[in-house]
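Working notes, structure below.
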Amino acid sequence: PSARPYPARVDVAIIGSGPAGATYARILSELSPEASIAIFEAGPTISDPPGSHVKNIASVEDREAAQRRSEGKVSAVPTGGDLAEYARDVARPVRPGTFLLDDGWQQPGEAGLPGLAFSSNVGGMAAHWTGACPRPGGSERIAFLPDMNELLTEAERLLSVSAEALADAPLADLVRSRLSAALDGGRAPGRQVQPMPLAVRRTDDGRFIWSGADVVFGDETRNNPRAQLFDESVVVRVLTAGNEVSGVRVRDDKTGDEHEIAARYVVVAADALRGPQLLFASGIRPEALGRYLNDQPQIVHAVRLTGVGDDTPAASSRDTTITAQSGVSWVPFTDEQPFHGQVMQLDASPVPISGDVIPGSIVGLGWFCAKDLQASDRVEFSEDTTDAYGLPAMNIHYTFTERDEQTLSAARESVVAAARSLGEPLGEEPLTFPAGASLHYQGTLRMGTTNDGTAVCDPTGQVWDVRGLFVAGNGVIPTPTACNPTLTGVALAVAGARHIAESINTTSTEK
Ligand code: FAD
């Protein structure tokens with residue numbers, strides 16, 4: 001392959017093309033159209049438009065090929081195997097489109113993160129996600145951000161979030177009314193059981209289009225002649241001069257050649273594990289880097305809805321995914337009940353059941369818990385060992401506290417009550433998923449108001465003491481949220497992107 005046309009310099013270099021990186025590209029395209037932008041993505045382009053969700057790919061074969069191509073360089077993916085089979089390792093579950101951390105996911109005597117996973121493709125994990133976009137509540141919210149609601153509204157616009165798309169699914173009302181009767185007592189208005197806001201839109205002919213990073217990029221980025229996306233381009237170093245960022249070093253994974261690109265601003269949106277990895281590799285090592293790592297411990301249960309007739313109308317959607325039948329319901333987090341519930345139809349029963357199953361009548365309940373934060377829960381990087389991308393190898397330190405055990409047992413009780421309200425629970429007990437399976441990793445690049453060793457960046461996402469270097473994504477979220485974090489991660493990226501746009505607009509751009 002010939003050398004790629006990497007620019008010599010840009011105003012803004014963005015690392016990672018998931019929703020967080022895409023947010024920076026979009027907001028900058030809207031607010032600073034004169035600014036030159038380069039987005040570097042380690043993985044390949046797997047969908048069209050770039051970053052779009054694989055569920056929008058009509059052919060099952062093409063969809064599975066796109067999932068395989070997202071699974072990085074390291075995963076021991078069985079070839080030719082059945083998809084369901086390959087995702088069924090209970091000890092270390094792996095979802096299609098993601099790959100596990102091969103080594104270092106557990107230290108002796110610790111819980112570790114057996115389910116810790118990544119996606120490497122244009123669009124990141126959001127080419128594979130479920131699209132649940134609830135707003136954080138109570139202590140999930142970031143108290144020091146006065147404009148959080150406005151940022152969340154903007155994030156909903158970028159991700160095209162709606163609670164309406166599946167709200168009229170044939171069994172949705174039934175599911176919600178039973179959950180409400182069981183769980184709404186004592187809940188504040190707005191935090192009661194309700195349809196889950198989802199990043200999806202419905203076409204006039206009833207199809208669902210799931211939002212990926214393509215929706216966040218939008219035509220504003222795609223039509224911006226100054227914005228360029230480079231796939232299979234691994235950023236191996238953030239370059240600095242004194243206390244200021246000066247550019248990035250990129251390895252073209254098609255040729256192996258390395259290139260230096262000067263940049264006034266660098267945005268590391270490379271997920272909550274690989275973001276800190278890149279800073280570490282670059283010698284940028286604030287005390288809090290990689291610490292306060294938190295995943296959302298997850299309890300799952302399944303239930304067969306009772307009292308639904310086989311005359312239940314089929315969902316009007318022609319979508320092959322069948323979430324349309326019973327919708328997706330949301331049991332919001334509260335400080336009293338510090339977990340977040342997502343109730344949705346399962347494609348198939350997790351346990352064998354006899355007799356005919358009415359479509360949409362097997363419902364899964366997933367309760368995500370807020371983790372008790374500890375500085376000792378962290379990703380540590382090796383000084384002398386590298387991973388398959390040539391970046392410092394990771395070692396995860398992760399344990400549960402007594403408070404975590406209490407939260408988990410309260411979540412178990414709550415999920416059982418919810419399941420009973422819906423019908424016949426399947427299986428004796430709810431399942432506790434291996435840690436890391438939530439795919440919601442936070443805290444490793446956390447935001448704070450002072451540079452006191454417990455935060456990596458300021459409230460705009462700018463890394464303390466490195467001017468022009470921004471971090472983005474779920475790793476920036478300082479609170480241990482239980483709700484799906486992408487909406488919040490995107491909201492924080494909006495704030496950072498606006499900050500860069502403002503400073504670019506008051507100075508000149510690179511021509
Ligand atoms: P990512 O989407 O992970 O993107 C980061 C990108 O950076 C990757 O493409 C990676 O290849 C790239 N990168 C990393 N290092 C480098 C480097 N050195 N150089 C260049 N590029 C690099 N979240 C929700 O909120 N709701 C849900 O319902 C939900 N469901 C999910 C279901 C599944 C099956 C999966 C896989 C995820 C789900 N998530 C959900 C999580 C959600 O997808 C992530 O929170 C979101 O994608 C994070 O966005 P991001 O941009 O920060 O990171």
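As the structure lists them, so they are numbered: ligands from 1, and atoms in each ligand from 1.
Remark: K55 is not positioned above the aromatic ring of F208, lacking an NZ or CZ atom under 6.0 angstrom from the ring centre and at most 45 degrees off the axis.
Listed by chain and residue number, K371 satisfy the salt bridge (Lys or Arg N to Asp or Glu O under 4.0 Å) test with D377 (two or more places apart in sequence, or in another chain). A search for salt bridge (Lys or Arg N to Asp or Glu O under 4.0 Å) contacts involving E61 returns nothing, not counting sequence neighbours.
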Test side-chain contact (heavy atoms from CB on, under 4.5 Å) on R92 and W105; report intermediate values, then the result. CA-CA 11 Å; R92 297 199 71 198; W105 50 274; 3.1 Å; yes

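We find the CG-CD1 distance between N56 and I209 to be 5.5 Å, quoted to the nearest 0.5 Å.
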List, pair by pair, the atoms of ligand 1 and of the protein that are both N or O and lie under 3.5 Å apart, giving the separation rounded to 0.1 Å.
| from | atom 1 | to | atom 2 | distance (Å) |
| --- | --- | --- | --- | --- |
| ligand 1 | 2 (O) | M125 | N | 2.9 |
| ligand 1 | 9 (O) | E41 | OE1 | 2.8 |
| ligand 1 | 9 (O) | E41 | OE2 | 3.0 |
| ligand 1 | 9 (O) | N121 | O | 3.0 |
| ligand 1 | 11 (O) | E41 | OE2 | 2.6 |
| ligand 1 | 11 (O) | S120 | OG | 3.4 |
| ligand 1 | 18 (N) | V235 | O | 3.0 |
| ligand 1 | 19 (N) | V235 | N | 3.0 |
| ligand 1 | 21 (N) | A42 | N | 3.0 |
| ligand 1 | 23 (N) | T486 | OG1 | 2.9 |
| ligand 1 | 25 (O) | A132 | O | 3.4 |
| ligand 1 | 25 (O) | T486 | N | 3.1 |
| ligand 1 | 25 (O) | T486 | OG1 | 2.7 |
| ligand 1 | 26 (N) | A132 | O | 2.8 |
| ligand 1 | 28 (O) | G131 | N | 3.2 |
| ligand 1 | 28 (O) | A132 | N | 2.9 |
| ligand 1 | 30 (N) | T130 | N | 3.0 |
| ligand 1 | 30 (N) | T130 | OG1 | 3.4 |
| ligand 1 | 45 (O) | N474 | ND2 | 2.8 |
| ligand 1 | 45 (O) | T486 | OG1 | 2.7 |
| ligand 1 | 47 (O) | A126 | N | 3.4 |
| ligand 1 | 51 (O) | P19 | N | 3.2 |
| ligand 1 | 51 (O) | A20 | N | 2.9 |

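Sorted by first and then second residue, the salt bridge (Lys or Arg N to Asp or Glu O under 4.0 Å) pairs with a member in residues 271-280 read D271-R274; sequence neighbours excluded.
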